[in-house]
**Q** 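I'd like to ask you about the structure that follows.
Labels below follow one simple rule: chain letters A, B, ... track the order of the sequence lines, proteins then strands, and each chain is numbered from 1. Owing to the predicted nature of the structure, the values given are computational and were not obtained by experimental measurement.
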There are 2 protein chains.
Amino acid sequence: MLELKDLPDAHILKKFADRYPDADIDRVIQFLTFLRVATDLSNGLDRYLNAHALLQGRWWVLVLLMREDDACSSPSKLAEKAGVSRATMTGLIDGLQRDKLVSRMVSPKDRRQSLVKLTSKGQAKLDEVMPEYYRRVRQLMTALTDEEGDMLMQVLMKLNQQAQVFD
Amino acid sequence: MLELKDLPDAHILKKFADRYPDADIDRVIQFLTFLRVATDLSNGLDRYLNAHALLQGRWWVLVLLMREDDACSSPSKLAEKAGVSRATMTGLIDGLQRDKLVSRMVSPKDRRQSLVKLTSKGQAKLDEVMPEYYRRVRQLMTALTDEEGDMLMQVLMKLNQQAQVFD
DNA sequence: TGAAAATAATTAGGAAGCTAACTATAATCT
DNA sequence: AGATTATAGTTAGCTTCCTAATTATTTTCA
């Protein structure tokens, strides 16, 4: 997306502002910086997970399964909770099953449905990854004061309410 | 990643906190909410661009080219500015060239290098997409007060300085 | 009851991202 | 000058995401 270091200089900004008078430079920079910082943090998380032979999408499925009392869910529920399509969830579960971190069986109650279950190997993988993950998130977020943290949440909620502006 | 609507309830949080005592719930929620809102906004931008037969990666290459005085750059410079690998940039340029939005030629000065140039069709595509893009970004970001906008940038810079916590 | 509609999961095909390996060219350094 | 090293770009093979189409099963309702 955008490297923070090379935000456009005044000369370039003028060129864009002349051609596109609706541009609000400060707000565009806020928007792009927001996306860029989030992308960088997401990539950082991926690097950490990768060192444990996991990736963000698959890791999140394990976390969602651990949330369940019986460590069990269905692909469509997981897809909805993870915010991805059911087709994507099929692929994530395929990979996890290949690595034996989850098991898949047909639901006895509804033969259309699968039941995905966290295996003991999957739980062990979480136990390997989560403590250090939590320590690093704490380290990251304590860069913010409590007030900044609260403000950030408030701002995120406001932006979330505007999520349909692009539709 | 995480649906804002189904953040874990107290019962689940206790389960995780018991097993992983280093978890700092509030900060984890801040972190995950940040990634989720950014993902949703990025997907919104993609939906908008998609309606104009563009996608975020390709669109950004066009924007970077328009920033140049001669509408011209090389794949590796573009990759660095866009924050993607050179291999990814090759693919983005392939797609743009197929749609005749950019042209590619070998540099006469250094035969290893390519020169990528925004075509008039590419500029026309930007002129089609950018005004409405700027209006929507303005609409999105004016949900924040000026103070909130300033605070957001300050927070983003702080988080950016911590980008190496996952290494 | 039996046809139509809805639901769950998958497959197919494509985009955008990555690393690692490869080719071609240019620069450097004995 | 010639061998080595560095640089620019691409290719190959992988993951993660998407939409649209397909298959199997269940539900609905005429």
Side-chain angles (χ1 to χ4, degrees), chain A residues 1-2 35-36 38-40 42-62 73-99 101-102 104-116, chain B residues 1-2 35-36 38-40 42-62 73-99 101-102 104-116:
Chain A
M1 177 54 46
L2 176 67
L35 291 188
R36 166 49 65 181
T39 300
D40 288 347
S42 178
N43 289 343
L45 177 56
D46 261 338
R47 280 197 305 280
Y48 169 67
L49 293 172
N50 223 314
H52 298 272
L54 269 183
L55 288 165
Q56 220 178 123
R58 294 182 187 176
W59 165 73
W60 194 247
V61 173
L62 298 182
S73 188
S74 71
S76 37
K77 280 184 210 142
L78 289 169
E80 206 210 327
K81 289 185 183 171
V84 300
S85 70
R86 277 176 298 172
T88 296
M89 187 51 65
T90 294
L92 293 175
I93 294 169
D94 283 349
L96 288 167
Q97 191 178 24
R98 211 182 308 130
D99 293 346
L101 301 177
V102 306
R104 196 164 12 190
M105 53 181 277
V106 173
S107 165
K109 298 188 177 175
D110 182 341
R111 297 178 44 75
R112 290 171 303 186
Q113 227 180 336
S114 285
L115 287 181
V116 180
Chain B
M1 177 54 46
L2 176 67
L35 291 188
R36 167 49 62 182
T39 300
D40 288 347
S42 177
N43 289 343
L45 176 56
D46 261 336
R47 280 198 304 281
Y48 169 68
L49 293 172
N50 221 313
H52 297 272
L54 269 184
L55 287 165
Q56 219 177 123
R58 293 182 190 175
W59 164 74
W60 195 247
V61 173
L62 298 182
S73 189
S74 72
S76 37
K77 280 184 211 142
L78 290 169
E80 207 210 327
K81 289 185 183 173
V84 300
S85 69
R86 278 176 300 169
T88 297
M89 188 51 66
T90 295
L92 293 174
I93 295 169
D94 284 348
L96 287 166
Q97 191 178 24
R98 212 181 307 130
D99 292 347
L101 301 177
V102 305
R104 194 162 15 189
M105 55 181 276
V106 174
S107 165
K109 298 188 176 174
D110 181 342
R111 297 179 42 76
R112 291 172 302 184
Q113 228 179 335
S114 285
L115 288 180
V116 180

**Q** Without decimals, in angstroms, what is the distance between Leu78(A) CG and dT10(C) C1'?
**A** 15 Å
**Q** Hey, are the side chains of Trp59(B) and Leu45(B) touching, using non-hydrogen atoms and a 4.5 Å cut-off?
**A** yes
**Q** In whole angstrom, give the distance that lies between atom CG of Asp94(B) and atom C1' of dG14(C).
**A** 14 Å
**Q** Between Ser85(A) and dC18(D), is there a contact of a side-chain N or O with OP1 or OP2 at under 4.0 Å?
**A** yes
**Q** Across the strands shown, which category fits Arg47(B) at heavy-atom distances under 4.0 angstrom: base, sugar-phosphate, nothing?
**A** nothing
**Q** Hey, are the side chains of Val61(A) and Met89(A) touching, using non-hydrogen atoms and a 4.5 Å cut-off?
**A** yes
**Q** Side-chain contact test, heavy atoms from C-beta onward, threshold under 4.5 Å: evaluate it for Thr39(B) versus Arg36(B) and give yes or no.
**A** yes
**Q** Closest approach to the side chain of Thr90(B), judged atom by atom: which nucleotide of dA9(C), dT10(D), dT15(D) is it?
**A** dT10(D)
**Q** Contact class for Ser114(B) (heavy atom, under 4.0 Å): base, sugar-phosphate, or nothing?
**A** sugar-phosphate
**Q** Closest to the Leu92(B) side chain: dT11(C), dA16(C), dT16(D)?
**A** dA16(C)
**Q** If we only count heavy atoms from C-beta on, is the Leu96(A) to Val116(A) side-chain gap below 4.5 Å?
**A** no
**Q** Heavy-atom distance under 4.5 Å between the side chains of Leu115(A) and Val106(A), does that happen here?
**A** no
**Q** Which whole-number value in Å describes the distance from Asp46(A) CG to dC14(D) P?
**A** 19 Å
**Q** Counting heavy atoms from C-beta on, name the nucleotide in dA20(C), dA9(C), dA15(C) closest to the side chain of Ala87(B).
**A** dA20(C)
**Q** Any idea which of dT15(D), dT10(C), dA24(C) is nearest the Arg112(B) side chain?
**A** dA24(C)
**Q** Tell me: NZ of Lys109(B) to P of dA27(C), nearest whole Å?
**A** 12 Å
**Q** At 4.0 Å (heavy atoms only), tell me whether Ser74(B) reaches a base, stays on the sugar-phosphate, or touches nothing.
**A** sugar-phosphate
**Q** Using whole Å, report how far CD of Gln56(A) lies from P of dC18(C).
**A** 14 Å
**Q** Just to confirm, is there a sub-4.0 Å distance from OP1 or OP2 of dT10(D) to any side-chain nitrogen or oxygen of Arg104(B)?
**A** yes
**Q** Of all the nucleotides listed (dT11(C), dC18(D), dA16(C)), which has the minimum atom distance to the side chain of Arg58(B)?
**A** dA16(C)
**Q** Could you tell me the separation between the CE atom of Met89(A) and the P atom of dT15(D), rounded to a whole number of Å?
**A** 16 Å
**Q** Is Arg86(B) near enough to dA21(C) that one of its side-chain N or O atoms lies under 4.0 angstrom from OP1 or OP2?
**A** no
**Q** Take Pro108(A) and Leu115(B), find for each the nucleotide of DNA chain D with the closest heavy atom, and name the residue whose nucleotide sits nearer the 5' end.
**A** Leu115(B)
**Q** Would you kindly give the CD-to-C1' distance between Gln113(B) and dA27(C), to the nearest whole Å?
**A** 14 Å
**Q** Please give, in whole Å, the distance from dC17(D) P to Leu35(B) CG?
**A** 12 Å
**Q** Just compare dT16(D), dG9(D), dG17(C) and give me whichever is closest to any side-chain atom of Val84(B).
**A** dG17(C)
**Q** Against Thr90(B), only a single residue in Leu92(B), Thr88(B), Asp94(B), Ile93(B) fulfils side-chain contact (heavy atoms from CB on, under 4.5 Å); can you say which?
**A** Asp94(B)
**Q** For Asp110(A), which contact category applies under a 4.0 Å heavy-atom criterion: base, sugar-phosphate, or nothing?
**A** sugar-phosphate
**Q** If you compare every side-chain N and O of Thr88(A) against the phosphate oxygens of dC18(D) (OP1, OP2), does one of them come in below 4.0 Å?
**A** yes
**Q** Can you tell me which nucleotide in dT16(D), dA16(C), dC17(D) comes closest to the side chain of Leu55(B)?
**A** dA16(C)
**Q** Which part of the nucleic acid does Arg111(A) contact within heavy-atom distance under 4.0 Å: base, sugar-phosphate only, or nothing?
**A** sugar-phosphate
